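Reviewing the structure listed below.
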Amino acid sequence: MKRVTGFGWLRGRSAVIGIPYAWLLVFFLLPFLVVAKISVSEMETTTISDIVTWKDGAIAFSLKFGNYVLLLKDDLYFTTYVSSLKYAAVTTVLCLGIGYPFAYFMARARRTLQPALLMLVMLPFWTSFLLRVYAWKALLTEHGLAADAIERLGLDKVLAAAGLISGPGQLMNTPFSLVLGMTYTYLPFMILPLYSNLAKMDLHLLEAASDLGATAWTAFWTVTVPLSRAGIIAGAMLVFIPCVGEYVIPELLGGPQTQMIGRTLWDEFFSNNDWPMACTVAVAMILLVIVPVAIFSRYQAEATERRNA
């Protein structure tokens with residue numbers, strides 16, 4: 001077998017690392033720089049002004065940071081950012097609370113049953129995302145199947161008392177319908193990484209904990225949960241990040257009191273025709289999302305170093 005040595009190994013390693021970085025450069029960094037450039041430009045009648053101009057034999061830079069100042073001063077943007085973070089966090093917690101037991105059951109089920117359970121989790125992806133959201137709209141409207149069931153059980157009165165709906169029987173265009181739709185949509189993104197992590201866990205560790213006198217509940221909290229932390233973080237990021245910028249679900253299932261940053265972004269682009277302000281909102285949202293991603297990447301790197309130590 002021919003061994004790859006010297007510069008051949010270096011070229012192979014550079015290609016493996018360089019291709020993903022080139023992909024990110026072309027399809028993420030360059031579009032982001034274009035958006036960032038528009039955010040500091042002036043909006044003319046139908047075009048965006050250039051930030052670099054050649055005038056009197058000299059290069060002139062014209063950068064407008066007023067949109068970023070307005071972003072900090074205007075309560076509308078602050079409220080929508082906080083609303084987006086709040087609903088994304090609530091959805092993430094609910095997905096974790098529902099998804100962890102299901103993923104745990106899948107990981108502990110018989111090997112012959114696990115493919116069927118995995119198929120059930122992935123089954124919603126066979127249907128259009130938009131159709132699934134519209135289906136919930138039909139279920140929660142007046143005399144819908146879900147609405148009738150909730151009213152018969154008296155849960156609408158409980159939801160109204162908690163402030164999640166405006167009144168008994170009024171389930172649509174409320175925080176309840178919004179969170180329900182996002183939880184249903186993004187639940188598989190929480191279950192899949194949790195299942196992948198729990199399925200690889202060494203069950204002998206639970207046996208050792210039992211031999212040392214730990215109860216099943218104690219072993220779960222001291223052994224299973226810490227070992228599944230990477231799956232929890234991965235699932236939380238996969239749910240939280242897209243929920244922050246979600247537009248379709250708040251538009252179809254939410255109401256005026258549930259406006260999120262995705263709707264504000266759409267309004268700036270198409271209603272106000274203010275592309276620089278819309279790009280400013282988008283840049284701030286991207287930076288807001290990058291922070292949890294950076295935290296997760298740092299955690300993964302530290303976990304890898306501890307395993308290799």
Side-chain angles (χ1 to χ4, degrees), residues 35 38-39 43 66-95 129-142 144 146-147 150 156 159-187 189 236-292:
V35 172
I38 297 175
S39 71
M43 183 69 188
N67 291 330
Y68 289 94
V69 176
L70 180 62
L71 200 66
L72 297 174
K73 290 183 176 180
D74 197 326
D75 292 338
L76 170 65
Y77 302 109
F78 177 79
T79 302
T80 52
Y81 277 120
V82 172
S83 177
S84 299
L85 292 173
K86 179 181 69 175
Y87 287 119
V90 170
T91 302
T92 303
V93 171
L94 288 175
C95 286
F129 162 74
L130 195 59
L131 289 178
R132 285 183 279 135
V133 177
Y134 266 112
W136 272 112
K137 188 172 183 178
L139 289 171
L140 292 174
T141 52
E142 189 176 0
I150 291 173
D156 57 332
L159 295 171
L164 297 177
I165 60 177
S166 54
Q170 301 176 11
L171 301 175
M172 271 299 299
N173 302 322
T174 61
F176 168 75
S177 59
L178 171 63
V179 173
L180 178 63
M182 291 204 299
T183 302
Y184 163 77
T185 301
Y186 291 105
L187 183 59
F189 294 96
M237 293 298 102
L238 288 174
V239 174
F240 181 82
I241 291 173
C243 279
V244 171
E246 182 60 54
Y247 168 74
V248 174
I249 299 175
E251 179 68 15
L252 296 179
L253 299 180
Q257 72 273 31
T258 61
Q259 181 163 344
M260 297 172 63
I261 198 63
R263 175 67 191 187
T264 303
L265 186 63
W266 189 93
D267 287 340
E268 294 292 351
F269 264 119
F270 301 105
S271 296
N272 302 335
N273 196 32
D274 191 350
W275 284 43
M277 191 66 222
C279 289
T280 302
V281 174
V283 169
M285 185 177 65
I286 291 172
L287 296 177
L288 197 66
V289 168
I290 284 177
V291 173

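Nothing fancy with the numbering, it's 1 onward along the sequence. A quick note: this is a predicted structure, and the numbers were derived from the prediction, not measured.
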How close do [X] and [Y] get, heavy atom to heavy atom, and via which atoms?
X      : Y      : value
Thr91  : Val239 : CG2-CG1, 4.1 Å
Leu171 : Ala147 : CD1-CA, 3.6 Å
Met237 : Pro242 : O-CD, 3.9 Å
Leu265 : Met285 : CD2-CE, 4.4 Å

How far does [atom1] of [X] sit from [atom2] of [Y], to the nearest 0.5 angstrom?
X      : Y      : atom1 : atom2 : answer
Glu268 : Asn67  : CD    : CG    : 8.5 Å
Asp267 : Ile261 : CG    : CD1   : 10.0 Å
Met260 : Thr79  : CE    : OG1   : 13.5 Å
Ser271 : Arg263 : OG    : CZ    : 6.0 Å
Glu142 : Gln170 : CD    : CD    : 9.5 Å
Ile241 : Ile286 : CD1   : CD1   : 12.0 Å

Backbone N or O of [Y] within a donor-acceptor pair of the [X] side chain at under 3.5 Å?
X      : Y      : value
Thr141 : Gly144 : no
Thr183 : Leu180 : no
Asp74  : Leu76  : yes

Find out whether [X] and [Y] are in side-chain contact, i.e. whether some heavy atom of one side chain is under 4.5 Å from a heavy atom of the other.
X      : Y      : value
Pro250 : Tyr87  : no
Tyr77  : Thr280 : no
Val244 : Tyr81  : no
Leu253 : Val133 : yes
Phe269 : Cys279 : yes
Phe78  : Lys73  : no
Ser177 : Thr174 : yes

Can you find a side-chain donor-acceptor pair between Tyr68 and Ser39 that sits under 3.5 Å?
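The criterion, which ignores hydrogens and geometry beyond distance, is satisfied for Ser39 and Tyr68.
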
Looking only at side-chain N and O atoms, does Gln259 offer a donor or acceptor that is under 3.5 Å from a partner on Thr264?
yes

Assign the ring pair Tyr247 / Trp266 to parallel, tilted or perpendicular, where the plane angle (0 to 90°) is split at 30° and 60°.
parallel

Among Asn173, Leu252, Ile249, Leu164, find the residue that satisfies the side-chain contact (heavy atoms from CB on, under 4.5 Å) test when tested with Leu178.
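For Leu178, the side-chain contact (heavy atoms from CB on, under 4.5 Å) check succeeds only for Ile249.
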
Please assess Tyr186 against Thr92 for the test side-chain contact (heavy atoms from CB on, under 4.5 Å), listing each intermediate value before the final yes or no.
CA-CA 9 Å; Tyr186 291 105; Thr92 303; over 6 Å; no

Phe129 CZ: over 12 foreign heavy atoms closer than 6.0 Å:
yes

